[in-house]
**Student:** 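Can you keep this structure in mind? I'll have questions shortly.
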2 protein chains.
Amino acid sequence: MLNERSLTVHQDCDQCPIRHRAVCARCESDELERLEEIKYYRKFEAGQMVIWSGDKMDFVGSVVSGIASLTQTMEDGRTQMVGLLLPSDFVGRPGRLTAAYDVIATTDLVMCCFRKSPFEEMMLRTPHIAQRLLEMTLDELDAAREWMLVLGRKTAREKIASLLAIIARRDASLHMTTRAQDGSVAFELPLTREAMADYLGLTLETVSRQISALKKDGVIVLAGKRHVTVPDLERLMEEAGDDTDGGMLV
Amino acid sequence: MLNERSLTVHQDCDQCPIRHRAVCARCESDELERLEEIKYYRKFEAGQMVIWSGDKMDFVGSVVSGIASLTQTMEDGRTQMVGLLLPSDFVGRPGRLTAAYDVIATTDLVMCCFRKSPFEEMMLRTPHIAQRLLEMTLDELDAAREWMLVLGRKTAREKIASLLAIIARRDASLHMTTRAQDGSVAFELPLTREAMADYLGLTLETVSRQISALKKDGVIVLAGKRHVTVPDLERLMEEAGDDTDGGMLV
DNA sequence: AACTTACTTTGACGCAGATCAATTCCGTGG
DNA sequence: CCACGGAATTGATCTGCGTCAAAGTAAGTT
């Protein structure tokens with residue numbers, strides 16, 4: 001799967017996250033119309049498989065609402081999440097026949113899809129789309145590599161802080177956070193502890209313990225299990241060991 | 001940096017790994033000539049920095065000979081290699097101003113470069129190049145994500161086996177391995193123990209210990225510190241915990 | 001041949017995070 | 001309202017890998 005770093009939120013239609021004009025601001029408008037014609041929606045329930053690794057992929061698309069995850073699994077069951085698809089993120093691989101990872105609906109999910117072959121044909125006709133997709137894919141590659149540093153070198157506490165910082169940043173850019181006058185940021189955790197563990201290469205117990213520790217140290221405040229308030233985003237990012245000012249991740 | 005998954009080895013010129021006709025088999029030949037015109041070579045010694053993270057990138061190119069690594073570093077010095085550039089791999093990010101990672105010559109290195117702006121102009125003129133680069137970048141993304149599984153979920157022994165399997169496979173595709181009649185494969189390890197550790201998210205001591213263990217168990221045979229013989233590639237891949245038949249990595 | 005320097009191996013020990021095991025929390029439906 | 005079940009917490013213990021330290025190896029230099 002290609003994923004994330006959307007074609008950005010549709011301005012004209014709050015149902016569909018793909019702002020076609022962002023894909024290709026310089027294309028002839030009839031191409032854009034054609035894109036509109038081959039569009040359709042798919043819904044998934046939390047926990048449902050969207051795509052199995054190795055399956056034939058006959059569509060590309062993007063997330064309208066909900067969260068999906070890209071996951072790799074070893075025969076013995078160990079799993080690693082390799083990407084998180086938030087609303088506006090792109091899924092699919094122009095030019096590829098089969099899916100490389102499992103895609104799972106983490107929450108209830110709505111996707112806006114395009115049949116792959118017409119999309120690809122259009123890509124061939126309109127060069128700016130390939131250029132835009134290249135741009136997006138490079139962003140994803142950056143994100144994946146930033147995540148490699150997290151997985152390979154960070155401590156459990158730093159990993160949790162990194163993930164929270166990323167979600168806070170991403171949610172902020174989608175205006176999903178509450179930002180109080182004192183600068184604190186609040187958001188809803190979209191992942192179970194287990195999903196976080198799979199993303200971070202940890203166990204769910206370690207995730208739980210580190211969240212408790214961050215809470216005890218006042219880095220975050222929890223209301224219920226899922227509602228997180230970050231009093232000081234700077235502090236959280238220090239905890240994450242982040243040099244990267246605001247490197248875009250996921 | 002974009003990297004790896006080359007524009008493949010030049011057929012006409014063994015000096016230059018970029019087979020321009022592979023980039024764009026369908027372009028007009030004068031475009032290819034133009035690419036030839038803006039080409040130049042750069043040499044680096046082992047250990048030299050090719051590019052600093054954050055620096056302005058004014059060229060793209062590919063590795064002719066030697067090995068380079070893409071590395072991320074935290075302020076406290078922890079480092080994670082996020083990519084390995086072998087001969088024929090591509091470096092550079094069309095459409096990006098600055099480098100996202102350090103690029104370091106792991107061995108003596110020769111690169112074939114193109115000044116970035118003419119290359120980009122050409123990319124705009126010849127759509128197949130953007131499509132080819134998209135293809136390559138998607139491959140890299142797959143590789144990065146496969147590596148996330150290695151970093152997040154595999155044991156030290158599996159990590160080492162994974163790395164050796166990848167190098168063996170990569171070298172084989174470049175005809176750099178010796179393949180004996182009994183099916184064993186032999187190659188030269190291009191990395192120090194420390195570099196391997198940085199790639200695998202381990203310490204050099206653990207790398208050394210696991211290599212000794214694999215040797216003791218007959219999975220590999222060492223002649224000197226660097227020359228590796230793999231009697232049974234299947235066995236090595238089992239040790240790597242590899243489901244992926246032959247997923248391209250690095 | 002002796003010295004230097006960088007790389008590698010091996011050992012002893014400690015700790016971060018995994019594993020195993022009980023509760024507790026909380027949302028949902030009867 | 002209670003009861004049920006998945007999610008989360010917390011505790012006790014184990015272990016793989018990191019850390020610190022020392023010694024071995026190989027290639028280049030004088």
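Order of the sequence lines sets the chain letters (A, B, ...), proteins ahead of strands, with each chain counted from 1. Side chains included, hydrogens not; waters and symmetry mates left out as well; all remaining heavy atoms used.
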**Student:** How many whole angstroms separate atom CZ of B/R157 from atom C1' of D/dG16?
**Tutor:** 13 Å
**Student:** Reckon A/R193 has a side-chain N or O less than 4.0 Å from the OP1 or OP2 of D/dG6?
**Tutor:** no
**Student:** Going by heavy atoms in the side chains, are A/R157 and A/D217 under 4.5 Å from each other?
**Tutor:**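 Yes. Closest side-chain heavy atoms under 4.5 Å.
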**Student:** Do A/T73 and A/Y101 make a side-chain contact, defined as non-hydrogen atoms from C-beta onward lying under 4.5 Å apart?
**Tutor:**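 The answer is no; the side chains never approach within 4.5 Å.
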**Student:** Given 3.5 Å as the limit, does a donor-acceptor pair link the side chain of A/T107 with the main chain of A/I67, or not?
**Tutor:**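 It does hold such a pair.
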**Student:** Should the heavy atoms of other residues, nucleotides or ligands under 6.0 Å from CD of B/E188 be counted, would the total exceed 12?
**Tutor:**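 Enclosed.
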**Student:** Give me the bend of the helix from C/dA1-D/dT30 to C/dG30-D/dC1, using the axes of the five pairs at each end, rounded to 10°.
**Tutor:**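 End-to-end axis angle for the helix from C/dA1-D/dT30 to C/dG30-D/dC1: 30°, rounded to 10°.
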**Student:** Go through the steps to decide whether A/F44 and A/M111 satisfy the test side-chain contact (heavy atoms from CB on, under 4.5 Å), and finish with yes or no.
**Tutor:** CA-CA 8 Å; A/F44 300 90; A/M111 298 208 36; 4.3 Å; yes
**Student:** Can you find a side-chain donor-acceptor pair between A/D102 and A/S53 that sits under 3.5 Å?
**Tutor:**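 Per modelled atom types, A/D102 and A/S53 side chains form no pair under 3.5 Å.
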**Student:** Can you confirm whether the side chains of B/D198 and B/T79 place a donor and an acceptor under 3.5 Å from each other?
**Tutor:**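 There is such a pair between these side chains.
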**Student:** In whole Å, what is the span from the CG atom of A/L189 to the P atom of D/dA7?
**Tutor:**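 Atom CG in A/L189 sits about 15 Å away from atom P in D/dA7.
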**Student:** Side-chain polar contacts of residues 206-214 of chain B - donor-acceptor pairs under 3.5 angstrom, sequence neighbours left out - could you list them?
**Tutor:**
{"unit_1": "B/T206", "atom_1": "OG1", "unit_2": "B/T203", "atom_2": "OG1", "d": "3.1"}
{"unit_1": "B/S212", "atom_1": "OG", "unit_2": "B/S208", "atom_2": "O", "d": "3.0"}

**Student:** Provide the start and end nucleotides, 5' to 3', of the part of DNA chain C that has atoms under 4.0 Å from heavy atoms of chain A.
**Tutor:**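 Going 5' to 3' along DNA chain C, contacts run C/dG17 to C/dC26.
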**Student:** Less than 4.5 Å apart, side chain to side chain, heavy atoms only: is that true for B/L163 and B/L200?
**Tutor:** yes
**Student:** Between C1' on D/dT25 and CD1 on B/I211, what's the gap in Å once rounded to a whole number?
**Tutor:** 15 Å
**Student:** Looking at A/V221, is its backbone amide N or carbonyl O close enough to the side chain of A/K215 to form a donor-acceptor pair, meaning the two atoms are under 3.5 Å apart?
**Tutor:**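 Not confirmed, A/K215 side chain does not pair with A/V221 backbone.
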**Student:** So if I take residues 201-209 of chain B and measure heavy-atom distances to DNA chain D, which residues fall below 4.0 Å?
**Tutor:** B/G201, B/L202, B/T203, B/E205, B/T206, B/R209
**Student:** Are A/R42 and A/F59 in a cation-pi contact, defined as NZ or CZ under 6.0 Å from the six-membered ring centre and within 45° of the axis?
**Tutor:** yes
**Student:** Measuring from atom CG of A/L84 to atom CG of A/D89, what distance do you get when rounded to the nearest 0.5 angstrom?
**Tutor:**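 The CG atom of A/L84 sits 8.0 Å away from the CG atom of A/D89.
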**Student:** Got a sec, which residues hit side chain to side chain donor-acceptor pair (under 3.5 Å) with A/D108, two or more places apart in sequence or on another chain?
**Tutor:**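 If we apply the side chain to side chain donor-acceptor pair (under 3.5 Å) test to A/D108, skipping adjacent residues, there are no hits.
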**Student:** Give the residues of residues 213-225 of chain B touching DNA chain D, defined as any heavy atom closer than 4.0 Å, sorted by residue number.
**Tutor:** none
